[in-house]
> 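Dropping the structure in here first, questions after.
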Amino acid sequence: MISLIKNELIKIFHKKGLYIYGIIILAIFSLMIVFDKFVNINETSLDMIYETREKGLENYDLSNKDEVEWYVDEKNLIDTYKLKKGYDSNSAEYYYIENTIYETIMAMNRAKYIEKDEEQYEMYKTQYDEQVKRLDNFDWKVDVLKEKEAYELEIEELNNSNDNSETVSVRIKELNFKLDGIEYRLKNDVAPSFSNASMLVDNYVSNAIQYESINKDESKLLNNEELMQKRMVERAYNITKYKIDNNIVPDDDMTMQEDFYSEIESSTMFYVIAMVIIAGGIFAEEFNKGTIKQLLVRPFTRAQIYVSKVIAVFVALFISILVFCVLVFIYDFIQYGDISSFLNPIIDYSFKTGEIIKYNTFSYVCLRLIAILPQLIILTLVCIFTGIVSTSTVGAVISVFGLQFVNGLVSSFVSEKITSFLPMNCWDFTSFLTYGVSSNKYGTLGSSLFICVLTMIALYILGRMFFGKKDIKNQ
């Protein structure tokens with residue numbers, strides 16, 4: 001048996017298609033590196049783009065109502081860009097221009113060109129001049145302290161209103177979450193901006209408010225869909241709260257670790273294509289070339305041949321995924337040049353324990369790959385089975401990619417309650433790993449496992465049975 005498996009692996013890794021596919025992946029990575037290194041839009045390029053757009057303003061007919069609207073929209077963007085020039089995109093000034101001055105610019109241009117209200121225009125122009133003047137010595141804490149004062153005043157008024165309604169109670173909690181965010185900003189010098197540190201604060205506040213408003217009693221939720229929504233909010237809240245409490249601020253630029261695991265997670269199609277190349281012809285090519293007869297004249301049973309080929313396919317698929325992960329690692333290393341981020345823990349939330357859990361990069365990636373393993377196993381067995389029945393590599397390939405089409409077609413005519421238990425709707429366990437619940441409306445971990453295992457066994461037995469009874473004399 002070992003020698004059979006070894007021979008099958010040698011055949012697989014002599015396939016030209018596998019190496020062509022590898023070359024294509026390398027080419028894609030190389031193009032991405034070139035694009036990231038050389039084809040980036042710098043400030044000079046943006047200046048040229050906006051200069052062209054500004055010259056284009058001369059072509060608008062301001063007597064035409066529609067064109068005036070377009071003119072104003074374009075002018076708003078150009079005027080805002082001119083102000084943002086010279087400021088870092090993660091700075092407090094940049095954020096202030098985008099979120100405050102931009103609103104004034106829109107109102108000012110609308111008053112001048114659309115409403116043609118000189119008085120309104122002058123009012124907004126004065127406001128605009130004052131806001132622009134602030135940029136010379138910008139102090140973001142002034143605005144934040146005003147917000148804090150307004151929230152505290154509102155809380156005081158609500159507490160003194162003697163209104164004990166649920167609406168008032170919820171509003172007070174919302175305001176307290178906002179005050180928590182402001183206190184964190186002031187304590188850690190985190191200005192409102194587009195930086196990851198600032199967005200972490202914003203996300204914490206919004207997640208906390210949303211989490212406070214949801215029904216936390218899972219027994220009262222009607223279905224998996226509601227349970228999934230609840231757990232998405234709960235997970236987001238607990239992760240951001242942990243980061244805020246422990247002052248874990250993400251880098252403004254994507255790290256090598258983040259890029260690596262996000263690419264591995266989103267590359268299921270790469271694994272499926274590798275599987276199709278490996279499994280599509282494992283039997284079909286033997287039939288077409290007539291080499292299957294050479295195997296049968298040796299002292300091997302059909303069962304041994306079938307098992308050895310199936311094992312060889314899965315071993316080769318594992319090696320291909322491993323090689324792909326190594327290529328992604330090399331690509332990311334070339335991009336970032338620093339693997340220190342790989343030592344950082346990946347923070348997640350466990351619904352089983354109700355606590356934060358930390359993964360190292362290796363274990364996190366392995367768990368994510370294991371979560372899609374049922375899909376890869378089922379598709380591999382489908383590919384093998386179809387190759388045996390049709391004796392066609394093309395037929396084997398079409399069967400894999402046709403499954404989703406068939407699933408969509410069936411879903412159009414059959415109720416969701418039935419289609420939810422089709423293998424194609426049960427084989428991705430990523431949501432179980434992330435939320436402890438299926439994304440499938442009617443599925444559970446037990447039912448999904450049962451359906452997937454049953455499908456694997458059925459496909460394996462069918463493949464073995466058909467190969468055992470296949471008339472090979474005429475092949």
Side-chain angles (χ1 to χ4, degrees), residues 35-36 39-151 178 181-182 185 190-203 205-206 209 250 252-254:
F35 183 85
D36 289 337
V39 191
N40 59 341
I41 299 177
N42 53 33
E43 191 172 332
T44 304
S45 302
L46 279 174
D47 284 346
M48 292 175 64
I49 291 169
Y50 275 93
E51 280 177 15
T52 303
R53 293 176 73 168
E54 189 170 17
K55 288 178 181 177
L57 292 177
E58 300 172 0
N59 300 323
Y60 285 93
D61 181 4
L62 298 185
S63 62
N64 183 305
K65 184 179 178 181
D66 290 333
E67 290 202 28
V68 171
E69 292 277 359
W70 300 333
Y71 175 88
V72 168
D73 288 342
E74 188 73 355
K75 185 166 173 52
N76 291 337
L77 295 173
I78 294 167
D79 290 347
T80 305
Y81 174 74
K82 287 180 177 179
L83 276 180
K84 291 188 299 185
K85 275 181 59 178
Y87 292 109
D88 187 277
S89 60
N90 289 324
S91 68
E93 291 88 347
Y94 192 99
Y95 184 85
Y96 180 70
I97 293 168
E98 280 274 314
N99 287 272
T100 302
I101 301 182
Y102 178 64
E103 297 290 331
T104 307
I105 289 172
M106 286 197 300
M108 185 171 65
N109 286 331
R110 185 169 189 83
K112 181 175 182 179
Y113 296 101
I114 297 176
E115 297 170 358
K116 297 184 178 179
D117 186 329
E118 192 64 30
E119 188 177 338
Q120 284 273 30
Y121 169 75
E122 289 298 331
M123 182 189 73
Y124 287 123
K125 180 68 167 62
T126 301
Q127 182 178 317
Y128 168 81
D129 290 338
E130 290 172 356
Q131 290 171 343
V132 171
K133 189 176 180 181
R134 281 193 64 192
L135 294 173
D136 294 335
N137 191 21
F138 189 70
D139 185 1
W140 60 269
K141 292 181 180 178
V142 172
D143 297 323
V144 170
L145 288 170
K146 283 181 182 178
E147 276 188 79
K148 181 183 178 184
E149 186 179 339
Y151 294 150
K178 291 181 178 181
I182 287 174
R185 288 188 183 281
V190 179
S193 66
F194 293 111
S195 68
N196 284 340
S198 180
M199 285 191 284
L200 173 64
V201 179
D202 291 337
N203 289 338
V205 173
S206 62
I209 291 171
D252 285 328
D253 296 321
M254 180 173 277

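No hydrogens, no waters, no symmetry mates; every other heavy atom, side chains included, goes into these values.
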> For residues Tyr151 and Glu147, is any side-chain donor paired with an opposing acceptor at under 3.5 Å?
yes
> With the threshold set at 4.0 Å, does a side-chain nitrogen-carboxylate oxygen contact exist between Arg110 and Glu69?
yes
> What pair of heavy atoms forms the shortest contact from Asp61 to Glu67, and how long is it?
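Where Asp61 meets Glu67 most closely, the heavy atoms are N-OE1, 2.8 Å.
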> Would you say the side chain of Glu98 lies within less than 4.5 Å of the side chain of Phe194, judging by non-hydrogen atoms?
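Answer yes - side chains close enough.
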> Does any non-hydrogen side-chain atom of Ile97 lie less than 4.5 Å from one of Leu135?
yes
> How many angstroms lie between atom CD of Glu103 and atom CD1 of Ile105, to the nearest 0.5 angstrom?
10.0 Å
> Please determine whether side-chain contact (heavy atoms from CB on, under 4.5 Å) holds for the pair Leu62 and Tyr71, giving the CA-CA distance in whole Å, both sets of side-chain angles, and the decisive distance to 0.1 Å.
CA-CA 8 Å; Leu62 298 185; Tyr71 175 88; 3.6 Å; yes
> Does any N or O in the side chain of Ser198 come within less than 3.5 Å of the main-chain N or O of Ser195, such that one atom is a donor and the other an acceptor?
no
> Cut-off 3.5 Å, side chains only: do Gln131 and Thr104 have a donor facing an acceptor?
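Thr104 and Gln131 do have a side-chain donor-acceptor pair below 3.5 Å.
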> How long is the gap from CG on Leu83 to CD on Glu93, to the nearest 0.5 Å?
12.0 Å
> Is any side-chain heavy atom of Arg53 closer than 4.5 Å to one of Leu77?
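The answer is yes, as the side chains (C-beta and beyond) meet within the 4.5 Å cut-off.
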> Distance from Lys112 atom NZ to Glu122 atom CD, nearest 0.5 Å?
9.0 Å
> Distance-only, no hydrogens or angles: does the Gln120 side chain make a donor-acceptor pair with backbone N or O of Ala111 under 3.5 Å?
no
> Strictly below 4.0 Å, N to O, side chains only: are Lys125 and Asp129 in salt-bridge contact?
yes
> Run the side-chain contact (heavy atoms from CB on, under 4.5 Å) check on Met106 and Thr80 step by step: do they pass?
CA-CA 10 Å; Met106 286 197 300; Thr80 305; over 6 Å; no
> Can any side-chain N or O of Ser91 pair as donor or acceptor with the backbone N or O of Tyr87 at less than 3.5 Å?
no
> Using a 4.5 Å cut-off on heavy atoms from C-beta on, say whether the side chain of Ser193 contacts that of Met199.
no
> Is there a side-chain contact between Tyr102 and Asn76 (heavy atoms, below 4.5 Å)?
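They are in contact (side-chain heavy atoms under 4.5 Å apart), so the answer is yes.
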> When rounded to the nearest 0.5 angstrom, what is the spacing between CG in Asp202 and NZ in Lys178?
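Those atoms lie 11.0 Å apart.
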> Measuring only between side-chain heavy atoms, which start at C-beta, is Asp73 closer than 4.5 Å to Asn109?
no
> Could you measure the distance from the CE atom of Met108 to the OG1 atom of Thr126? Nearest 0.5 Å is fine.
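Nearest 0.5 Å value for the CE-OG1 distance: 10.0 Å.
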> In terms of ring plane angle, is the pair Phe138 and Tyr96 parallel, tilted or perpendicular, where the classes change at 30° and 60°?
tilted
> I need the Leu145 CG to Arg185 CZ distance, nearest 0.5 Å.
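That separation rounds to 12.5 Å.
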